[in-house]
Amino acid sequence: MNSRISIKDIEKNGYVSIKNHGLVSNNRTAALIAINGTIDWLCLPDFSSDPVFDSILDSKKGGRFKFSILNFNDLEVEQYYESDNMILITEFFSNGKKIMKITDFMPATEYESINFPELHRIVEASEDLEIGIEFKPTLDYKISPLKRIMDSKKIVFLKNGRKVGLFSSANIREENNSFRTHLDKGSKTFFILSYGMRNEDEYSNYKTEQRLIETREFWKNFISYSTYNGIMRDEAVRSALTLRALFHDPSGMMVAAPTSSLPECVGSERNWDYRYSWVRDTSYVIQALSMMGLRRVSTKYLYDMMDIILNDGEEIRVLYGVSRDSKFTEIEIDYEGYLGSRPVRLGNLASEQFQLDVYGSFINAIYNVSIAGGIVNSYMWDFVIDLLDRIAHIWKVPDSSIWEFRTEPRHYTYSKIMCWLGYDRAIRLGKSLNYAGDYEKWQNIADEIKRDVLENGIDMENGYFVQYYGAKDVDGSLLRIPLTGFMDVNDPLFQKTLEKIKKDLMFDDCLFRRYLNDDGLKGKDNAFILLSFWYIEDMILMGKTQDAENLLRKLMRMGNHLHLFSEEIEIGSGDLIGNFPQAITHLGIIRCIYRLNQAKKKISE
């Protein structure tokens, strides 16, 4: 997928498009690095911290870290990852000849207690280069001024007890309120961004080359445990690496995305802070990692999530903070937003919602870890029983749905089906492990939920499932019905539902809006990418293997140059929009590739 792009075509109105970014991570936080080498989003020391760089949300007020080549024109750039790694390479070309290479990484280690709040940039020059350096941290959305300390090889900014510095092996000079350096042909120069350092360090203290070796080993070691070696392996591995990069190792929690307020509709108010751990999303991801054979990390994250839920209280919340910095109260920042998409939000009101599907989602994750060979001990089984008892008391209560509507709660069909799924998977899990349980009672409740759905979740006149009890419309979540086992994919009731979904929500053969009803928000609802993967899984179940593969490959071409995806695709332009990269999209990629590979193997046998 690698291709060069003119540097003149990268920015629009001061913004690099969402799709033209890569990601580096240290499993506490992550940075977005544009294809022109600009770091325009980075929170330190954690995902949930206020950003150090944030110009992707305001091109004028926001902070960035950027190199500009001043003595060459007509530049082209290319960006790619090292194989099976999260080390990002950005190369600059002039007249077809490579003149500069940037290697970006955040030091990563298997030791969760070791923190590297750093980003290392290795710059290799193939010509004599005059470089402009824009090192402009904000630290608190430019609410208060910064104090600066500088000498020939360091620039340090301080504000309100926060401290960030740039340390270099090259001399840095200040000219006309900007920073510059000269790089000799054949040189290798180290630039280290460090946060919270106690002393004004020298660049050599950061051991860049040693950290690079350790980081390369960390990511390769992670993916070496994968047992998947089928079709589209590179795409599946990239998604697995991306999911791993979104986990906050000290807490064991995963952010839905490392960013906040990248819009689901450009110019609208559909801008949310995704730097939280959704139980649903994490449960789906645990299942996807299990499919890749990565049972060690999937088992670990499963137990981490259980401990967090138990320590928090009896109820499962919709989302959890990943660190002590996490704040849930939703506030708005005085930024213009990506391409004018206001408001820019911190916090997320979904934390106050009630969503039924999280219970069944988590039990399903436990079940899938078990069948992948992970350990489900008696304590986890006791936790499953507690969840079943809770579902028994609440499944008849209206909720806000998987789509987190900020309108009146309703009896959403998908939410009820996920309650049924919790009992179905618990029964299968317990019996497979020979655990004691009240299986007859659980089966009776599962049957009751199913009867309720079949009596109230269907448009009886037209014969299809509906979005919520009493509705006439469908929504995209219903695509998942056969994937849960609630109903066979070829059942006439589901087939009519599928026809209705395709008629009302589908466009361009494989993209889907989530719903048609008014959700109380301004701006249009664009294509939610996960729905496309659910649809492809349905096609696989229907035996349409070749059609499914064709659509999957078409969908994968809609990702960016690094096989990264956001949450949505803009209808019309095909641009990636929404927070980026998005965990729930990448787990969909893994599931589809895995299911398709299974189907193709079965055909060839």
Could you measure the distance from the [atom1] atom of [X] to the [atom2] atom of [Y]? Nearest 0.5 Å is fine.
X: W219; Y: D84; atom1: CH2; atom2: CG; value: 12.0 Å
X: T497; Y: D475; atom1: OG1; atom2: CG; value: 11.0 Å
X: N560; Y: H21; atom1: CG; atom2: NE2; value: 10.0 Å
X: R480; Y: Y414; atom1: CZ; atom2: OH; value: 4.0 Å
X: H586; Y: L246; atom1: NE2; atom2: CG; value: 8.0 Å

Is the closest basic N to carboxylate O distance between [X] and [Y] below 4.0 Å?
X: R428; Y: D424; result: yes
X: D525; Y: R514; result: yes
X: D452; Y: K416; result: no
X: D538; Y: R595; result: no

For [X], I'd like to know if atom [atom1] has over 12 heavy atoms of other residues, nucleotides or ligands within 6.0 Å.
X: K300; atom1: NZ; answer: yes
X: K496; atom1: NZ; answer: no
X: E217; atom1: CD; answer: no
X: K220; atom1: NZ; answer: yes
X: I371; atom1: CD1; answer: yes
X: R406; atom1: CZ; answer: yes
X: Y439; atom1: OH; answer: yes
X: R28; atom1: CZ; answer: yes

Only counting residues at least two apart or in another chain, list the ones meeting side chain to side chain contact (heavy atoms under 4.5 Å, CB included) with [X].
X: L521; value: E269, R270, W272, D519
X: T545; value: L596, A599, K600, I603
X: E352; value: L349
X: K450; value: W420, L454, F486

Does a side-chain heavy-atom distance below 4.5 Å link [X] with [Y]?
X: Y359; Y: W395; value: no
X: T215; Y: M106; value: no
X: N597; Y: R233; value: no

Check the angle between the aromatic planes of F528 and W403 and answer parallel, tilted or perpendicular using the 30° and 60° thresholds. perpendicular
Ring-plane angle category for Y412 and F405, please: parallel below 30°, perpendicular beyond 60°, tilted otherwise.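 Ring orientation of Y412 relative to F405: parallel.
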Residue pair N368, S290: steps toward the side-chain hydrogen bond (donor to acceptor under 3.5 Å, both in side chains) verdict: CA-CA 7 Å; N368 278 280; S290 298; over 6 Å; no
Under a 3.5 Å distance rule, please check whether [X] uses its side chain to pair with a backbone N or O of [Y] as donor and acceptor.
X: S277; Y: Y320; result: no
X: S260; Y: L346; result: no
X: D46; Y: S49; result: no
X: T259; Y: F580; result: yes

Under the rule for ring pair (Phe, Tyr, Trp, His ring centres under 6.0 Å), what residues qualify as partners of Y274, not counting sequence neighbours? W278
Return yes if a side-chain donor-acceptor contact under 3.5 Å exists between [X] and [Y], otherwise no.
X: Q467; Y: N517; answer: yes
X: Q546; Y: N550; answer: yes
X: N444; Y: E448; answer: no
X: Y594; Y: Q598; answer: yes

Mind checking what makes salt bridge (charged side-chain N to carboxylate O under 4.0 Å, His left out) contact with E82, not counting sequence neighbours?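 Partners of E82 by the salt bridge (charged side-chain N to carboxylate O under 4.0 Å, His left out) criterion, ordered by chain and then number, come out as R216.
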